[in-house]
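This report refers to the structure that appears directly beneath it.
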Amino acid sequence: MARITIRNLDDGIKARLRTWASGNGRSMEEEARLILRDAVGQEAEPENLTAFIRECFASCGGVVLELPPRRLMREPPHFD
(Lines give C-alpha, C1' and ligand atoms only; values in the text may rest on other atoms or scores of the structure.)
Protein backbone atom coordinates (compact mmCIF):
# COMPACT_ATOMS: atom_id res chain seq x y z
CA MET A 1 0.00 0.00 0.00
CA ALA A 2 1.16 3.51 -0.78
CA ARG A 3 1.39 6.36 1.68
CA ILE A 4 0.67 10.01 1.09
CA THR A 5 1.46 13.14 3.11
CA ILE A 6 -0.65 16.23 2.64
CA ARG A 7 1.22 19.39 3.55
CA ASN A 8 -0.23 22.85 4.16
CA LEU A 9 -3.71 21.52 4.88
CA ASP A 10 -5.90 24.29 6.26
CA ASP A 11 -6.72 23.82 9.97
CA GLY A 12 -10.41 24.39 9.26
CA ILE A 13 -10.48 21.59 6.68
CA LYS A 14 -8.71 19.25 9.07
CA ALA A 15 -11.22 20.09 11.82
CA ARG A 16 -14.18 19.49 9.47
CA LEU A 17 -12.65 16.21 8.32
CA ARG A 18 -12.23 15.12 11.93
CA THR A 19 -15.87 16.05 12.69
CA TRP A 20 -17.14 14.33 9.55
CA ALA A 21 -15.15 11.18 10.29
CA SER A 22 -16.35 11.12 13.88
CA GLY A 23 -19.96 11.46 12.74
CA ASN A 24 -19.49 8.48 10.44
CA GLY A 25 -17.75 6.40 13.12
CA ARG A 26 -14.43 6.33 11.26
CA SER A 27 -10.90 7.57 11.82
CA MET A 28 -9.76 10.69 9.98
CA GLU A 29 -7.42 8.55 7.91
CA GLU A 30 -10.18 6.15 6.86
CA GLU A 31 -12.52 9.03 6.06
CA ALA A 32 -9.86 10.70 3.88
CA ARG A 33 -9.20 7.36 2.16
CA LEU A 34 -12.90 6.95 1.33
CA ILE A 35 -13.20 10.53 0.08
CA LEU A 36 -10.19 10.09 -2.19
CA ARG A 37 -11.44 6.72 -3.43
CA ASP A 38 -14.82 8.25 -4.34
CA ALA A 39 -13.25 11.32 -5.95
CA VAL A 40 -10.82 9.36 -8.07
CA GLY A 41 -13.31 6.63 -8.86
CA GLN A 42 -11.34 3.57 -7.84
CA GLU A 43 -12.88 0.42 -9.25
CA ALA A 44 -16.37 0.90 -7.93
CA GLU A 45 -18.57 -2.15 -7.82
CA PRO A 46 -20.67 -2.43 -10.94
CA GLU A 47 -23.92 -0.57 -10.54
CA ASN A 48 -27.24 -2.20 -11.02
CA LEU A 49 -28.50 -0.58 -14.23
CA THR A 50 -32.15 -1.04 -13.29
CA ALA A 51 -31.66 0.64 -9.91
CA PHE A 52 -29.74 3.49 -11.57
CA ILE A 53 -32.53 4.13 -14.10
CA ARG A 54 -35.18 4.04 -11.37
CA GLU A 55 -33.14 6.52 -9.33
CA CYS A 56 -32.84 8.86 -12.33
CA PHE A 57 -36.58 8.95 -12.92
CA ALA A 58 -37.72 8.84 -9.28
CA SER A 59 -37.85 12.64 -8.97
CA CYS A 60 -40.42 12.89 -11.80
CA GLY A 61 -42.66 10.15 -10.47
CA GLY A 62 -41.04 7.27 -12.31
CA VAL A 63 -41.92 5.80 -15.67
CA VAL A 64 -44.43 3.05 -16.29
CA LEU A 65 -44.08 1.25 -19.58
CA GLU A 66 -46.85 -0.85 -21.02
CA LEU A 67 -45.49 -4.13 -22.27
CA PRO A 68 -47.06 -5.52 -25.43
CA PRO A 69 -48.74 -8.90 -25.11
CA ARG A 70 -46.65 -11.91 -26.03
CA ARG A 71 -47.38 -13.61 -29.31
CA LEU A 72 -46.14 -16.73 -31.00
CA MET A 73 -42.98 -16.32 -32.98
CA ARG A 74 -43.34 -16.13 -36.72
CA GLU A 75 -42.13 -18.91 -38.89
CA PRO A 76 -38.43 -18.63 -39.78
CA PRO A 77 -37.72 -17.94 -43.44
CA HIS A 78 -36.92 -20.86 -45.71
CA PHE A 79 -33.90 -20.57 -47.98
CA ASP A 80 -34.47 -23.55 -50.24
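- Between atom CZ of residue R54 and atom CG of residue L49 there is a gap of 10.5 Å, rounded to the nearest 0.5 Å.
- Using a 4.5 Å heavy-atom cutoff, the side chains of L34 and R37 are in contact.
- Remark: the backbone N or O of A15 is paired with a side-chain donor or acceptor of T19 at under 3.5 angstrom.
- Note that CG of D38 is 13.0 Å distant from CZ of R33, once rounded to the nearest 0.5 Å.
- Within the model, atoms CZ of R3 and CD of E29 stand 8.0 Å from one another, a figure rounded to the nearest 0.5 Å.
- In terms of heavy atoms, S27 sits closest to A21 at O-CB, 3.6 Å.
- Annotation: R26, atom CZ; neighbour count of heavy atoms from other residues, nucleotides and ligands within 6.0 Å is above 12.
- Linking Ile, Leu, Val, Met, Phe, Trp and Tyr whenever their side-chain heavy atoms come within less than 4.5 Å leaves I6 and V40 in two separate clusters.
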